[in-house]
Every structure is written in C-alpha cells, then in structure tokens.
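Shown next, in structure tokens, is the structure this report addresses.
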Protein chains: 2
Amino acid sequence: MSSKQEFIEKLRNSSLRPTKQRINICEVLFNRDKTFHFTINDLFNLIKDKTGEKVSLATVYNTVHAFHKKGYLKEIPINSNQTYFDTNVTDHHHFFDVKEEKLIDLKNEDVGPIEIQKSIPGKKIKSVEVLVKLED
Amino acid sequence: MSSKQEFIEKLRNSSLRPTKQRINICEVLFNRDKTFHFTINDLFNLIKDKTGEKVSLATVYNTVHAFHKKGYLKEIPINSNQTYFDTNVTDHHHFFDVKEEKLIDLKNEDVGPIEIQKSIPGKKIKSVEVLVKLED
DNA sequence: TCGTTGTTTATAATTATTCTAAAGAAGATT
DNA sequence: AATCTTCTTTAGAATAATTATAAACAACGA
C-alpha cells in the first residue's frame with residue numbers, strides 16, 4: 001500500500017512532474033501486492049475503472065515509456081502483437097500460457113542459474129530472459 | 001543444398017500445393033548452410049533479389065505462417081515492432097544485439113542446462129527460450 | 001478436359017504505436 | 001499573486017505491421 005504522497009515523491013525524484021494523470025497511473029500500477037503484467041490497453045481500461053478518471057491513450061503510452069526508461073517497469077519479450085510490461089523489475093523469468101495469453105512469474109529460485117558460455121567481442125550482456133511457453 | 005524436387009515433396013507431404021511462389025520461398029529460406037533469421041519484410045525483399053521473381057507480400061505472410069504451423073519455422077520472441085522467424089527449429093537460444101537489431105544463434109552447448117522447478121497444474125512445457133540482450 | 005478446391009494477389013481494413021501541434025498545468029522568479 | 005518558461009496532456013492524424021477480402025488463377029483428381 002503506497003500513498004499518493006509517495007508517488008509524488010517518486011515522480012519528483014525522477015524529474016517527472018507529478019500530474020494527476022501520472023499519479024493515477026501510479027495508483028493502478030504500483031498500489032498492489034502482487035506483480036502486475038499488462039499491455040498498454042489493459043492499463044488504459046483499468047485506469048478508467050479504478051480511478052474513475054479518464055487518461056488519454058497517448059498519455060498512457062508516454063507515461064509507461066517514461067517509467068520504463070526510469071526502470072520502474074520492465075518490458076517482457078513474448079511473441080504477441082502487443083507489448084507486455086511488468087511491474088516486477090527484478091531479474092526474473094516467465095511462464096506464458098499460450099492458450100490463455102497470460103503471463104505467470106517465475107521466481108529466480110524456480111529457474112536454475114543460467115550460464116552463457118559464449119561472448120561477442122565488444123558487447124556485454126544486458127539481460128538474460130527465460131520464457132517458458134505452456135500448453136495444455 | 002536442397003533441390004527444387006525436394007521442396008516439392010516437402011510441400012506435398014504437408015498438404016501444401018507446390019506453387020511457384022512457395023518453391024521460391026523455400027529456395028530462399030532453406031537452400032542455405034547456416035541458420036537464417038528474418039522478418040517478413042527481409043524475406044519479401046530477398047525473394048525478389050534471389051529469384052528474380054516477385055511474390056506478393058500477402059503470399060509471403062501466408063506461406064511463412066503455413067510453414068510455421070507445419071514446424072518448418074520458429075518464431076523468436078524479441079521485443080521489437082517486427083516479428084522474427086528462424087529456420088533453425090531445433091531447441092536453441094539467442095543473443096539479440098539491441099543496437100544493431102541483429103539476432104545471433106546460441107548453440108545449446110553455449111547455454112548451461114535450464115531447470116524449471118515450478119509447474120502449473122494441467123499445463124505442460126511447450127518450449128524454453130533464453131534471450132540474451134547485448135549492449136555495447 | 002472439366003469441375004473442384006486451394007492459392008495468389010492487389011487492395012482495403014485493422015491494430016498497435018508514434019507523431020503533432022495546440023491547450024493546459026506545474027514550477028520558478030519576481 | 002502575476003508572469004514566464006518549460007513540461008505535459010490531449011485529440012486526432014500519421015505510420016507500420018499484420019490480417020481480411022474477394023476476384024483471378026493454378027493445381028489436382030476424375
């Protein structure tokens with residue numbers, strides 16, 4: 001449970017002006033116990049439902065990208081026509097239920113350590129992501 | 001080096017009629033030594049270049065999807081605006097050079113074994129994919 | 001050869017995302 | 001508080017990838 005005040009500080013600390021819209025988006029994204037997987041469209045609809053206030057789609061895009069850039073959101077690679085984001089920005093992996101189009105977190109302990117025994121000169125590893133697809 | 005005749009058989013065996021267009025696409029996709037990573041648009045352009053014959057974009061989409069369904073192509077999960085495919089349908093992983101937008105194969109030996117120590121009732125694992133993003 | 005069914009194609013439609021430019025709000029300065 | 005600057009929001013247009021449509025065409029079987 002985070003308070004409005006905390007969100008305002010968080011935004012200020014990131015040199016993002018604490019606007020009504022951004023605070024509403026924070027409420028929806030970060031005011032929850034469990035990690036949250038979503039598409040922009042999910043979020044767009046949830047904001048209306050949860051806060052009663054409408055935020056334009058463009059602002060949702062802007063804000064999600066801003067939060068992603070600041071490291072408050074993580075983009076999840078799935079083959080789908082829509083981009084998925086995750087409020088859990090720690091290093092972790094995912095199940096993807098292909099039929100239900102649903103993402104499920106894998107704790108780091110759920111996946112053994114991953115050793116990459118190859119390197120490309122001049123490049124360093126930015127991230128290692130495992131995606132486990134599930135079928136019935 | 002596969003021959004035209006082999007492609008025709010391959011197509012027939014999959015109950016896909018061996019049309020000129022499909023055979024051309026096979027030549028471009030499967031008549032090569034190394035694995036091939038591509039987007040639909042890459043392929044569309046390559047067909048013109050390599051075979052001299054033009055195939056409509058819609059047919060490229062149709063054929064790639066048909067081949068994917070038959071298991072001759074693999075879709076690769078990357079966060080990008082375009083969908084990537086791979087002619088290497090065996091179980092393997094990838095580097096993705098974020099800057100150059102280029103995929104590089106990881107042999108299975110290059111990645112230690114991956115243990116998934118969690119399961120979802122009623123679901124079974126369809127695939128396990130590792131994507132290693134690279135930066136400079 | 002003829003009829004059936006599958007395929008190709010140009011084009012239109014759809015969908016996710018980004019761009020644009022004008023109106024509005026936040027922050028700093030006096 | 002009034003003003004100025006800068007950032008933000010917004011509706012709507014623009015773009016880009018993909019999918020749908022429906023008519024012309026080609027492969028197959030009888």
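A, B, ... follow the sequence lines: proteins, then strands. Residue 1 opens every chain.
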Please state whether the phosphate of D:dT10, meaning OP1 or OP2, lies under 4.0 angstrom from any side-chain nitrogen or oxygen of A:Gln21.
yes

Which residue lies more 5' along DNA chain D, comparing B:Tyr61 with A:Leu57 via nearest heavy atoms
A:Leu57

Measure the distance from CD on A:Glu53 to P on C:dA25 and round it to the nearest whole Å.
13 Å

Once hydrogens and angles are ignored, does a donor-acceptor distance under 3.5 Å link the base of D:dT6 to the side chain of A:Arg17?
yes

Side chain of B:Arg22, heavy atoms from C-beta onward: which of C:dT8, C:dC19, D:dT8 has the nearest atom to it?
C:dT8

Gap between atoms CG and C1', on A:Leu11 and C:dG27 respectively (whole Å)
15 Å

When clusters are formed by joining ILVMFWY residues with side-chain heavy atoms under 4.5 Å apart, either directly or through shared neighbours, do B:Leu106 and A:Ile120 land in the same one?
yes

How many whole angstroms separate atom NZ of A:Lys20 from atom C1' of D:dC7?
16 Å

May I ask you to say what A:Asn62 touches in the nucleic acid, namely base, sugar-phosphate or nothing, with a heavy-atom cut-off under 4.0 Å?
base

Would you classify A:Thr39 as touching base, sugar-phosphate or nothing, given that sugar-phosphate means primed atoms plus P, OP1 and OP2, and contacts are heavy atoms under 4.0 Å?
nothing

Nearest whole angstrom, please: distance from the C1' of C:dT9 to the CD1 of B:Ile25.
13 Å

Honestly curious: do A:Ile76 and A:Leu134 fall in one hydrophobic cluster under the side-chain, below-4.5 Å linking rule?
no

Calculate the interatomic distance between A:Asn13 atom CG and C:dG27 atom C1'; express it in whole Å.
16 Å

Starting from the 5' end of DNA chain D, give me the residue, B:Asn81 or B:Thr19, whose nearest nucleotide shows up first.
B:Asn81

Could you state the CD1-P distance from A:Ile23 to C:dA26, rounded to the nearest angstrom?
9 Å

Nearest of C:dT17, C:dT9, D:dA17 to any side-chain atom of B:Thr59?
C:dT9

Is there a side-chain hydrogen bond (donor to acceptor under 3.5 Å, both in side chains) between A:His37 and A:Asp86? Walk through the geometry before answering.
CA-CA 5 Å; A:His37 302 121; A:Asp86 192 336; 3.1 Å; yes

In whole angstrom, give the distance that lies between atom CG of B:Asn41 and atom P of D:dT19.
14 Å

Between D:dT18 and B:Thr83, is there an OP1 or OP2 to side-chain N/O distance shorter than 4.0 Å?
yes

In terms of side-chain heavy atoms of B:Pro18, which of D:dC28, D:dA17, C:dG27 is nearest?
D:dC28

Give a yes/no verdict on a cation-pi contact between A:Lys10 and A:Tyr72, requiring under 6.0 Å between NZ or CZ and the six-membered ring centre and an angle within 45° of the axis.
yes

Identify each donor-acceptor pair in which a side-chain atom of residues 49-59 of chain B lies under 3.5 Å from a protein atom, sequence neighbours left out, and give them as a table.
residue: B:Thr51; atom: OG1; partner: B:Ile47; partner atom: O; Å: 2.7
residue: B:Thr51; atom: OG1; partner: B:Glu53; partner atom: N; Å: 3.1
residue: B:Thr51; atom: OG1; partner: B:Glu53; partner atom: O; Å: 3.3
residue: B:Glu53; atom: OE1; partner: B:Asn24; partner atom: ND2; Å: 3.4
residue: B:Ser56; atom: OG; partner: B:Thr59; partner atom: N; Å: 3.2
residue: B:Ser56; atom: OG; partner: B:Thr59; partner atom: OG1; Å: 3.1

May I ask you to verify if any side-chain N or O of A:His65 is less than 4.0 angstrom from the OP1 or OP2 atom of C:dT17?
no

If you pin B:Lys54 and B:Leu16 to their nearest nucleotides in DNA chain C, which one's is more 5'?
B:Leu16

Measure from CZ on B:Phe44 to C1' on C:dT8 and round the result to the nearest Å.
13 Å

